[in-house]
Amino acid sequence: MMDGAADLDGRVIEVQAEALACVDLGALEELRLRWLGKKGEITGLLKSLGALPAEERARRGAAINALRDSATAAWESRKGELERKAEDAALDAGWIDVTAPSGARPAGRLHPITLLLEEVIDHFTGLGFEVATGPEIEDEFHNFDALNIPKDHPARDVWDTFYTDRREIPRTHTSSVQIRAMQTRKPPIRVISPGRVFRNETIDATHHASFNQVEGLLVDRHVTIAHLKHTLETLVAKLMGRKVETRFRPAFYPFVEPGLDLDVQCVFCAGVGCSICKGSGWIELIPGGLVHPKVLDACGLDPDQWQGFAFGMGFDRMVMMRYGIDDIRRLYDGRLQLVRQF
Ligand code: DAH
């Protein structure tokens, strides 16, 4: 007679093979329900025991229990394996390959003011000018008196001047460095002097309380306005990278005689008129003139022997035109975006 439990040996092998064939935890759970669940195979086998004679029932019962233990062991061992596999996959997903080439990194750039200043310095040093600097906190003599702007003279009101408690002046212009250059050098003198200046201005798109100027000064014999005109025209063409329309207008500055303003045609609207040039088609760019005899005199130079030209450009405006920045505050607020380059 057939052994009452022989068929179950085959089932042990069956459940073990099925467990190994499960490739993920979902499939393994299905296996558990199918074999070990309340309505599963083993429960079915146990239910069929009741119909058997007592002696056979005990033997087959023990065999079914053995099958259940084998099925549970197969399930548990495969579960452990699949869980480790899942963990490994998660680790793999987060794995950092230190030998992989890195992606692009955001890099710092030079500020447009620095970039353009380098060009200006390059241009002028090529013409034999040297770079001169002066203190940002000035005295009244260098900022005003020696520049033929006497105390109590209304001309002083033009510069919205800050004063410290000790009546020192955060310099209102780089013209103060002209004076220092003439005091410390013997002609012929050729200097440019870039630097920060300070004015008590309400800040808006075209005004700032702190901005940059580049001063220029040349002292020699027989200097005329033609030298200044040529110098400025070449400078503007160089900085704009092309020839732009310019015009000169007479203007008054106490430290030059005659004085003039150089305007360039607005690069934002090509002279048609826009909000940046306030509808005029021109942008006032560089004031200058021939150094006033009183200024030469105040610096100990004989005006009968020496003449000079000077200019002082608002450098921020130049940078804005060159790089298409339409708000001066952008130059200083750390959110600079270059819109276009002319
Ligand atoms: N210092 C003047 C200003 O800030 C600009 C200026 C005008 C400078 C004429 C010059 C000059 O050297 O000749 O308003």
Side-chain angles (χ1 to χ4, degrees), residues 120 124 129 131-136 138-150 153-162 169-183 185 189-201 206-220 223-233 235-236 246 248-264 283-299 301 303 306-318 328:
V120 172
F124 278 107
F129 283 68
V131 177
T133 54
E136 288 184 351
E138 267 296 2
D139 51 48
E140 290 199 50
F141 177 77
H142 291 93
N143 197 88
F144 288 132
D145 300 340
L147 286 162
N148 192 28
I149 315 168
H153 192 281
R156 231 176 240 214
D157 301 344
V158 175
W159 289 272
D160 304 286
T161 312
F162 288 119
I169 300 169
R171 66 181 176 195
T172 58
H173 48 192
T174 45
S175 299
S176 55
V177 190
Q178 282 186 37
I179 304 301
R180 293 180 179 275
M182 286 188 274
Q183 285 176 323
R185 288 168 175 76
I189 299 170
R190 286 180 213 164
V191 291
I192 57 161
S193 167
R196 192 167 268 249
V197 302
F198 308 88
R199 304 234 178 127
N200 191 358
E201 290 265 12
T206 52
H207 298 91
H208 215 284
S210 159
F211 52 97
N212 291 276
Q213 289 187 335
V214 178
E215 196 80 11
L217 170 74
L218 179 143
V219 179
D220 209 327
V223 179
T224 72
I225 210 90
H227 296 115
L228 173 62
K229 208 170 166 233
H230 177 74
T231 307
L232 295 186
E233 274 173 349
L235 171 68
V236 170
T246 54
F248 289 91
R249 282 178 298 108
F252 172 73
Y253 301 96
F255 31 92
V256 280
E257 179 56 37
L260 55 81
D261 278 336
L262 171 128
D263 296 346
V264 294
I283 295 186
E284 199 183 305
L285 205 60
I286 313 180
L290 292 185
V291 181
H292 198 290
K294 282 194 175 169
V295 175
L296 291 167
D297 204 34
C299 299
L301 299 176
W306 303 105
Q307 298 80 46
F309 71 65
F311 60 89
M313 57 174 155
F315 196 61
D316 302 57
R317 198 176 284 180
M318 196 98 201
I328 192 171

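Whatever order the structure lists them in is the order used to number ligands and atoms, beginning at 1.
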Looking at residues at least two apart in the chain, or sitting in another chain, which of them share a side-chain contact (heavy atoms from CB on, under 4.5 Å) with Asp220? Pro188, Leu218, Val223, Trp306

Beyond-backbone contact of Pro170 with Glu138, side-chain heavy atoms, under 4.5 angstrom: no

Residues passing the ring pair (Phe, Tyr, Trp, His ring centres under 6.0 Å) test with Phe309, sequence neighbours excluded, are none

What residues come within 4.0 Å of ligand 1, counting heavy atoms only? Trp159, His173, Ser175, Gln178, Arg199, Gln213, Glu215, Tyr253, Phe255, Val256, Pro287, Gly288, Gly289, Ala310, Phe311, Gly312

Return the set of residues passing side chain to side chain donor-acceptor pair (under 3.5 Å) with Arg190 (not counting sequence neighbours), or none when no residue passes. none

Verify the distance criterion only: is there a donor paired with an acceptor across the side chains of Thr172 and Arg199 at less than 3.5 Å? no

Quick one about His173 and Glu215 (side-chain donor to acceptor, distance below 3.5 Å, no hydrogens or angles considered), yes or no? no

